[in-house]
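First up is the structure itself, then whatever we jot down about it.
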Amino acid sequence: MRAALWLLALFGIAAAVALFAGNNQGTVTLFWPPTRIDLSLNLVLLALGLLFVVLHLALRALAALFSLPIQARQWRLQQKERALHAALLDAMVQLLAGRFSRARRAAQAALAQERMLAALEAPLPQAPQVRALAHLLAAEAAQSLQDQPGRDAHLHQALQEGDDARAAAGLAPETREGVQLRAARWALEDRDPAASLARLAELPQGAQRRTLALRLRLKAARQAGRPQDALDTARLLAKHRAFSAGAAASILRGLAADLIGQAHDTGQLRQAWARLEPAEREIPEVAIQAAQRMIALGGEPATARAWLLPVWERAVAQPRAMDEGLRIKLARALEASLDTVDADWLARIEAAQRADPRNATLQYLAGMACMRRQLWGKAQQLLAQAGTALQDAELHRRAWSALAELAEMQGDPARAAEAWKQAALGRG
C-alpha cells in the first residue's frame, strides 16, 4: 500500500513539473558588460538544483574526512571493550573446565583492559560490576590453586568495589552479597567455620535467609560443632523445602542426635531435650539415644521411660512401622531403665507381649521387667521362651545370663551352668 502511494505521488510530481516546465516561457538575463547572456528559467533552476546537490555532497565528504580520527578512536575503544568481555567469558569457561591458571590469567587480562579503558577516559557504565566479577573469578581460581594470599588479595579488591562510594551507585547489592557468599564457602573449604559464620553474619538480614546462605550456615555450624545452630538452620531449610522429605528427616534426626550426644550432665540433657520440637522428640532414634544418655549420666529412669513412651506407643500400635533393629534398640533402652519400673509400665509391657505372644523381643523385655519386680516364675518362663527365639546376639546373651542368675538364686547349679554355657556360646 505504501509503495502504491509513493508511486502515485511521483506521478503527480512528474505531471506538475511537466506542466510547469513545458509552458514556462520565462528567461533569466545576465549582464556582464559588454556581454549579455539570456538563459532559460528551466535551465537556471536545474543548474541551481545541481549546484545544491554538489555542495551537499562536498560538505558531507569533508565532515566524513574530519570525523575519521574520532571513528578510529571509537573503533579502538570498541575493540578493547570486546576484548574485555571476551576475557571475562574465557575466565568463566576456563574455570568451569578446571583450568585454573588460565582462568586467573584471563581474569587479570580483563582487569587490565578495564584499566586501559579508564585511562583513555572511556570507562564502562558497568565498570564496578566488571571489576568485582573479574576479581571474584581470579579469587576463585586462586582458591582452587591453594593460593590463599592471592585469593585474599582479589577478595579484598572485590569487596572494596562495594565499599567505594563512587562504585556504590553502579554496583548492585547482589554483587557484593555474591562475593561474601563465595568467601564463606572458601572458609568452609579451608576448615575455618568461624570465618565462614562471620562472613555470613555480614550479609543483610534478607540475604541471610536465602537457601544458599542457609546451606552454608548449616555446614559451618556442623563443622564448628554447634548442633543447636545447625538444627535451627536445618529447620529453616526444611521449611523452605530445600531438601526432599527423606533427606530433611535424616538431617534433622542426625542433628538432634548430635545435640543429645553433646550433653555432659542431666541438666544439659534436659535443656537439649527441651529445645527439640515435639515432632523431633518422637523420632525413635532420638528418643532412644536421649533415654540411653539419661541412664548413662545417672539420671532418673522414670524420665527416660517418659521420653520413650511416644515411641513405645507407636511401636505397639503400628508394629510394622518400625524395623526390627529399632525394636531391639528400644528394648535395650527400656531394659536399662527397668530398675525402678512401676506398675503402669509393667502393665504396658505385659499387654504388648500378650498382644504379640510370638515376638521374642517383647518376651525378653517382659521377662526382664518381671525379674526387676521379683516375679521370678513368670520371668523364668518368658526368658526361657525368648532365649530360644532371639536372633540378636546381645539380647540372646542377656536372656541366658538372666536365666543363669535365676537358677543360681533357686539353688540349681546344673541349670545355671547350662544357662551360662548358652550365654557364652551366643548366637551367630
Side-chain angles (χ1 to χ4, degrees), residues 260-261 284-309 311-312 315-316 319 322-428:
I260 294 296
E285 293 86 350
V286 175
I288 291 170
Q289 182 179 355
Q292 292 175 337
R293 190 70 175 164
M294 176 62 75
I295 297 300
L297 293 174
E300 298 177 359
T303 302
R305 291 194 298 271
W307 291 351
L308 290 172
L309 181 58
V311 180
W312 171 263
V316 172
M322 188 179 296
D323 59 29
E324 188 61 25
L326 278 179
R327 284 178 173 275
I328 292 173
K329 290 181 180 179
L330 177 60
R332 290 179 180 176
L334 281 172
E335 180 191 357
S337 66
L338 289 179
D339 291 337
T340 59
V341 64
D342 52 19
D344 292 338
W345 264 102
L346 181 61
R348 290 191 187 100
I349 295 173
E350 289 182 342
Q353 191 274 324
R354 286 195 298 269
D356 190 3
R358 296 184 179 181
N359 191 316
T361 303
L362 290 177
Q363 289 175 349
Y364 167 80
L365 188 59
M368 296 300 290
C370 290
M371 188 173 177
R372 297 293 194 279
R373 297 283 290 185
Q374 299 181 357
L375 302 175
W376 312 124
K378 194 170 184 179
Q380 183 177 358
Q381 177 186 0
L382 291 169
L383 288 173
Q385 294 174 356
T388 58
L390 281 171
Q391 298 299 318
D392 183 74
E394 180 64 20
L395 293 187
H396 181 270
R397 183 186 64 79
R398 292 184 183 182
W400 283 106
S401 298
L403 286 171
E405 293 175 3
L406 287 174
E408 290 176 349
M409 292 172 58
Q410 294 172 356
D412 190 348
R415 188 157 55 87
E418 180 63 23
W420 283 120
K421 179 182 178 181
Q422 293 292 333
L425 290 176
R427 184 178 296 273

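Values below: all heavy atoms of this structure, side chains included; hydrogens, waters and symmetry mates excluded. Sequential numbering from 1 along the given sequence is applied to the chain's residues.
To the nearest 0.5 Å, atoms CG (Leu362) and CD (Glu350) are separated by 12.0 Å. The CG atom of Leu330 sits 6.0 Å away from the CG atom of Leu308 when rounded to the nearest 0.5 Å. To the nearest 0.5 Å, the span separating CG on Asp344 from CD1 on Ile349 amounts to 11.0 Å. Atom CD of Gln353 sits about 8.5 Å away from atom CG of Asp356, to the nearest 0.5 Å. The line from CH2 of Trp345 to CG of Leu365 is 8.5 Å long, rounded to the nearest 0.5 Å. In this structure, the separation between CE on Met371 and CE on Met409 is 6.5 Å, given to the nearest 0.5 Å.
Annotation: side-chain contact (heavy atoms from CB on, under 4.5 Å) contacts of Gln289 (sequence neighbours excluded): Ala257, Ile260. Every residue two or more places apart in sequence or in another chain that forms a side-chain contact (heavy atoms from CB on, under 4.5 Å) with Ala331 is listed here: Thr361. With sequence neighbours left out, the salt bridge (charged side-chain N to carboxylate O under 4.0 Å, His left out) criterion links Arg398 to Glu335, Glu394. Scored by the side-chain contact (heavy atoms from CB on, under 4.5 Å) test, Ser401 finds Arg397, Trp420, Ala423 as partners (sequence neighbours excluded). Residues meeting the side-chain hydrogen bond (donor to acceptor under 3.5 Å, both in side chains) test with Glu300, sequence neighbours left out: Thr303. The side-chain contact (heavy atoms from CB on, under 4.5 Å) test applied to Gln292 returns Ile288, Ala333, not counting sequence neighbours.
Residues Cys370 and Gln381 are not in side-chain contact: their nearest non-hydrogen atoms beyond the backbone lie 4.5 Å or more apart. Within the 4.5 Å cutoff, the side chain of Arg348 has no heavy atoms near those of the Val316 side chain. Between Tyr364 and Leu382, every side-chain heavy-atom pair lies at or beyond the 4.5 Å cut-off.
With hydrogens and angles disregarded, a donor-acceptor distance shorter than 3.5 Å links the side chain of Arg305 to the backbone of Ser337.
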Could you go step by step and tell me if Arg327 and Asn359 meet the side-chain contact (heavy atoms from CB on, under 4.5 Å) rule? CA-CA 11 Å; Arg327 284 178 173 275; Asn359 191 316; 4.1 Å; yes
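Here the closest heavy-atom approach between residue Pro301 and residue Ile295 is recorded as CA-CD1, 3.7 Å. Nearest heavy atoms, Ala352 versus Trp312: CB-CZ2, 3.6 Å.
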